[in-house]
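Order of appearance sets the numbers: ligands from 1, and atoms from 1 within every ligand. Scope of the values below: all heavy atoms of this structure, side chains included, with no hydrogens, waters or symmetry mates.
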Amino acid sequence: MNLNVEIQEVVRRLLDVPANYKVIFLAGGGLGEFAAVPLNLISRTGTADYVVTGAWSAKAAKEAKKYGKVNLVLPPTDRYVDIPDQSTWNLDPNASYVHICTNETIHGVEFDFIPDTKGVPLVADMSSNIMSKKVDVSKFGVIYAGAQKNIGTSGVALVIVREDLLNQALPICPSLLDWTANFKANSIQNTPPMFAIYIMGRVLQWIERQGGLDEMASRATKKASLIYNIIEESNGFYYAPVAKNVRSKMNIPFRIGSPGNEALEKEFLKGAEALGLIQLKGHRDVGGIRASTYNAVTLEEVEALADYMKDFYKKHAN
Ligand code: PLP
């Protein structure tokens with residue numbers, strides 16, 4: 001119990017969480033919250049807006065359809081490389097909430113703005129960029145994140161919910177996913193994934209000791225710029241498909257050539273692995289290469305990748 005409260009306090013300090021928001025820890029990770037969001041909120045009007053900017057928000061929308069009507073705010077696509085201007089969005093003023101994914105882990109598309117949803121509660125999946133920079137929590141109704149990218153290990157989700165959005169869960173909402181029941185029980189309604197919560201607490205304390213979210217943001221910018229600059233300066237040898245203003249600072253997908261020379265990419269990955277640069281293969285939906293530069297990845301590690309990319313370019317360009 002003490003540990004749980006202590007970790008809630010670190011979350012509050014780091015994100016400057018306003019007093020009218022509750023911080024809860026739930027088993028089930030990000031996918032659990034894909035269901036929890038509609039189960040806790042869609043009863044307001046029976047319908048919800050989803051801004052689909054990549055594979056994860058698409059999955060969230062699909063899950064929500066089980067519990068109510070889902071309005072897709074953007075025209076459907078399977079090529080996620082930008083975020084259309086908000087003036088073109090098809091928002092429903094009657095929606096229970098508007099859902100976004102602030103960083104698409106697979107496609108490398110990251111919001112560079114907080115949408116104005118005209119009073120409709122904004123719900124954000126921040127699984128892969130939470131605690132990588134400051135965010136104005138008061139602009140959101142709900143923020144949630146599976147812990148395993150930037151703040152810990154798998155199995156637990158951090159949920160920050162505005163008080164007035166509690167007490168509206170659908171009657172079919174399992175107790176396990178009911179934010180109100182979990183808040184009332186101080187996140188220990190049942191036996192919680194305590195080890196995952198403990199690790200999350202240790203990681204959050206580490207972030208505080210490093211200088212907090214401004215320091216994480218400055219590191220993220222340095223690390224991501226290093227890789228994007230090499231891509232930009234390679235005259236098309238490396239190719240990043242995502243529009244510059246929404247390029248993720250956490251996940252950098254790129255190809256060698258366009259549409260992508262698979263043989264050369266295979267060679268790139270093999271050479272990288274020999275140097276201890278692992279987990280660089282792009283997600284199967286996207287192909288190519290993906291460098292993830294989460295909080296735990298050091299500048300030195302990213303520099304090692306940058307050096308390798310430069311060497312590989314010299315050997316293979318032309
Ligand atoms: N949302 C995003 C943005 C993700 O990257 C992931 C992936 O791990 C999820 C949701 C799903 O989270 P989990 O694996 O904890 O269910």
Go through ligand 1 atom by atom and flag the ones less than 4.0 Å from a non-hydrogen atom of [X].
| X | value |
| --- | --- |
| T105 | 2 (C), 3 (C), 4 (C), 5 (O) |
| Q148 | 8 (O), 12 (O), 13 (P), 14 (O), 15 (O) |
| C101 | 3 (C) |
| L31 | 11 (C), 12 (O), 13 (P), 16 (O) |
| S127 | 1 (N), 2 (C), 3 (C), 4 (C), 10 (C) |

- Are the side chain of R12 and the backbone N or O of Y21 linked by a donor-acceptor pair below 3.5 Å?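 Checked: pair present.
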Can you give each donor-acceptor pair under 3.5 Å made by side-chain atoms of residues 255-265, sequence neighbours left out, with the distance rounded to 0.1 Å?
unit_1 : atom_1 : unit_2 : atom_2 : d
R255   : NE     : E265   : OE2    : 2.8
R255   : NH1    : V286   : O      : 3.2
R255   : NH2    : E265   : OE1    : 3.0
R255   : NH2    : E265   : OE2    : 3.4
N261   : OD1    : A263   : N      : 3.2
N261   : OD1    : L264   : N      : 3.0
E265   : OE2    : I256   : N      : 3.0

To the nearest 0.1 Å, how far is [atom] from its closest protein heavy atom, and which atom is that?
| atom | result |
| --- | --- |
| atom 8 (O) of ligand 1 | K149 NZ, 2.6 Å |
| atom 1 (N) of ligand 1 | D125 OD2, 2.7 Å |
| atom 11 (C) of ligand 1 | W56 CZ3, 3.5 Å |

Give the ring-plane orientation class for [X] versus [Y], where under 30° counts as parallel, over 60° as perpendicular and anything between as tilted.
| X | Y | result |
| --- | --- | --- |
| F268 | Y308 | tilted |
| F237 | F312 | tilted |
| Y313 | Y238 | tilted |

N/O separation below 3.5 Å, [X] to ligand 1:
| X | value |
| --- | --- |
| G30 | yes |
| S128 | no |
| N103 | no |

Within a 6.0 Å radius of atom NZ on K249, are there more than 12 heavy atoms belonging to other residues, nucleotides or ligands?
no
**Report entry** Same apolar cluster (I L V M F W Y, side chains within < 4.5 Å links), F25/I199
**Finding:** yes
Donor-acceptor list for residues 126-136 side chains, cut-off 3.5 Å, not counting sequence neighbours:
unit_1 : atom_1 : unit_2 : atom_2 : d
S127   : OG     : D125   : OD1    : 2.7
S127   : OG     : G146   : N      : 3.1
S128   : OG     : N103   : O      : 3.0
S128   : OG     : N103   : ND2    : 2.9
S128   : OG     : T105   : OG1    : 2.8
N129   : OD1    : T102   : OG1    : 2.8
N129   : ND2    : E110   : OE2    : 2.8
S132   : OG     : N129   : O      : 2.7
K133   : NZ     : E110   : OE2    : 3.3
K134   : NZ     : D214   : OD2    : 3.1
D136   : OD1    : S138   : N      : 3.1
D136   : OD1    : S138   : OG     : 2.6
D136   : OD2    : K139   : NZ     : 3.1

